[in-house]
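Below: one structure, written as structure tokens.
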Amino acid sequence: MLDIKNLQVGLEEEDKQILKGVDLKIGEGEVHAIMGPNGSGKSTMSYVLAGKSGYKVTGGSATLYGDDLLDMAPEERAAAGLFLAFQYPVEIPGVGNMTFLRTAVNAQRKARGEPELTAGEFLKEVRTKAKSLKIDADMLKRPVNVGFSGGEKKRNEILQMAMLAPKMCILDETDSGLDVDAMKLVAEGVNALRDGKRSFLVITHYQRLLDHIKPDVVHIMADGKIIKSGGPELALEVENNGYADILAEVA
Amino acid sequence: MAVNNPKFDASEALLGAYSVPDGAKWALDARSLAAANLRRMGAPVKRDEYWKYTNPVGLTQVPAPKAALFEAGETPMFDAIDRLKLVFVDGVFDADQSDDLALSGLEIETLSDALSKDIHWAKDLFGVLETNGQTPVDRPLAALNTAVAQEGFVIKATGKVAKPVAIRYLHASDSSDAMVHHVIKVDAGASLTLLENGPGAARFNSVMEVDVLDGAEFHHIRTQGRDHQRRTATHMFGRLGAQSIFRSFTMTVNGILTRNESVLEFTGDDAKATVGGASAGDGRDFHHDDTVFVTHDSLNCESRQVFKKVLRNGATGVFQGKILVKADAQKTDGYQISQGLLLDDNSNFLAKPELEIYADDVICSHGSTVGAIDEDAIFYLLSRGVPKAQAEDMMILAFLGEAIDEIEDDALSANIHERLAEWMERRRG
């Protein structure tokens, strides 16, 4: 479903290449993890796939179910089924969380030619899903992410993911800033969305998240490329030995 | 005597263009005083310090510039609210379209009726609060209004007024030049909500003198909407007694020229005032100016000024706000914020925030910011599937919402939010 071929990306404002030919193929229902040292390009890849401005694609391609992602506006990518859980969810003062969620859900439905949810339908769904993520009514009423703790922000990301029901979920360091209990809660939220069709790309620094969200494939990214891929045991190797061995082995 | 000074030529031309209505001697005296004040000050011109951001020529030229009519094609604002409805067409009261002038807790009569009576409580207010408000800054258009305005209401709230008084100003002629003057007294312990909406006329000059006595409350919500070519100058002079509450909010959308001046004076202790505004301007010919002057002359009073403007396609927004704290006004809490959100490089937000403080035990803060839409927030919304135009509108509504939330009444606040959202949606098409 997600097919990235030789993706090369630089910054728009300065002459700096960040992704230097990434190849990655994620099949239906699969969970892939990407690990790698700081600055290797993991977050950049997630942003480029979601359509953030400021980057320049200089080569390669990225398709979702055959559709050219790089040719679409960010909101079209979302409607096509791509979801990015942000490493740093953005605070939006003055926009209620509930209003935001409903606008997003209905905008996507509209873009796909599906009927919009009524206020009642939406409310019912959001309450059920919020409950399982331990998101209370107050958090739904407050402005988007404003005054949320780190854990609340990440849970709110998962709630959005659950409500939007995307085909391809990218989680950018969703475990950063979470304590053990919060990480479990987030992981449970993600696992609840695994249905054999939906695919996941989990970007993380730590193997611990992968204890909870079990990956099918683990990739190591360094200096803008995927340098090694393997099974879950690769994450354990990183956890025990760091990246030095792998980097040396490839070099 | 200076000759050929455009300020004085213009003030003479203005006084010559309107006739002075007949009335009781006290009323005529007040009108003469106002005319003399205008002659002394001269009409406003661009080189006046107080008009440096707003060219007053469209407000002073004789005859008034024309303004094509605008068909909004929507339910008028406040229509769904239970209220006493008063309608002015091109600045002239239209009794047929209005409700009967009767409401529990309220005495109301037309300006011309009140000003023709030899004995009337309005004698102590008509032109009086306006004249007080001419110091230390000249407000010549208000003096002109006192000198010649025939239309308006004299209103006294004697208790908790059962429902809001809602004045609708309709614009029906492309060359109308309206002068409206209201005198309002909220008796001790009484409360009144006044709603105003509509463009008013091709050119609309209004003055409102509001005396809020001890422990009284005055709430004012106004919308000046969507009539592209109109010009408006409004002045609100408020005097606050002890423990009184004064709240005023204005939403302005479109209009070639709008100058809203609010002049408030605290004369009793422990009173609170809020003046706020939200405006949205689109196009090079949009110019909107909020000018506020708050004088603290009593103990432990609180004032808030909250103004937000969204500007695009070359629109201009102006804020001039001052808090003056006199030497005896200890424990004053003064707050002022003005913010401009520019949607492109062609639009302008001009702000002159001022504090002048002579008391030493006060809290006063002011801030003014200008900026673009937060791109990270926009990307966040886009990444959730919200289309760009809608995402921008969400951010605009959120920005203006902070000013709209200053309205205390939740239903009225929601009313304004909804109307603004409708306008945004219609604009997106």
Ring centroid separation for A/Y88 and B/Y380, is it under 6.0 angstrom? no
Of B/D374, B/L382, B/D405, the largest count of non-hydrogen pairs under 4.5 angstrom with chain A goes to B/L382
If one checks every heavy atom of A/P89 against chain B at 4.5 Å, the contacting part turns out to be both
Turns out that what part of A/V105 lies under 4.5 Å from chain B's heavy atoms comes down to neither
Given A/E91, A/Q108, A/M161, the one with more heavy-atom pairs under 4.5 angstrom with chain B than any other is A/Q108
Under 4.5 Å to a heavy atom of chain B? For A/N145 that would be side chain
Review point. Could you go step by step and tell me if A/E75 and B/L381 meet the side chain to side chain contact (heavy atoms under 4.5 Å, CB included) rule?
Key: CA-CA 8 Å; A/E75 65 271 28; B/L381 292 169; over 6 Å; no
Fill in: A/V90/B/F379 under side chain to side chain contact (heavy atoms under 4.5 Å, CB included): CA gap, chis, key distance, verdict
CA-CA 9 Å; A/V90 181; B/F379 176 63; over 6 Å; no
For B/K352, look at atom NZ and say whether over 12 heavy atoms of other residues, nucleotides or ligands are found less than 6.0 Å away.
-> yes
Original post:
Are any non-hydrogen side-chain atoms of A/I92 and B/M395 less than 4.5 angstrom apart?
Top reply: yes
Check: Any chance CD of A/E114 has more than 12 other-residue heavy atoms, nucleotides or ligands included, within less than 6.0 Å?
Finding: yes
Taking every heavy atom of A/A107 against every heavy atom of B/G385, the minimum-distance pair comes out as CB-O, 3.4 Å
- request: Verify the neighbour count for atom CG of A/D138: are there more than 12 heavy atoms of other residues, nucleotides or ligands below 6.0 Å?
  value: yes
Honestly, the part of A/A50 sitting under 4.5 Å from a heavy atom of chain B is both
Requested in this report: Report the C-alpha distance between A/F86 and B/S383 in whole Å, list the side-chain angles of each, state the deciding distance to 0.1 Å, and finish with yes or no for side chain to side chain contact (heavy atoms under 4.5 Å, CB included).
Outcome: CA-CA 10 Å; A/F86 281 53; B/S383 77; 3.4 Å; yes
Rounding to 0.5 Å, atoms CG (B/D393) and OG1 (A/T103) come to a distance of 11.0 Å
- Query: Do NZ/NE/NH1/NH2 and the carboxylate oxygens of A/K52 and B/E375 come within less than 4.0 Å?
  - Reply: no
To the nearest 0.5 Å, atom CZ of B/R384 lies from atom CD of A/E157 at 4.5 Å
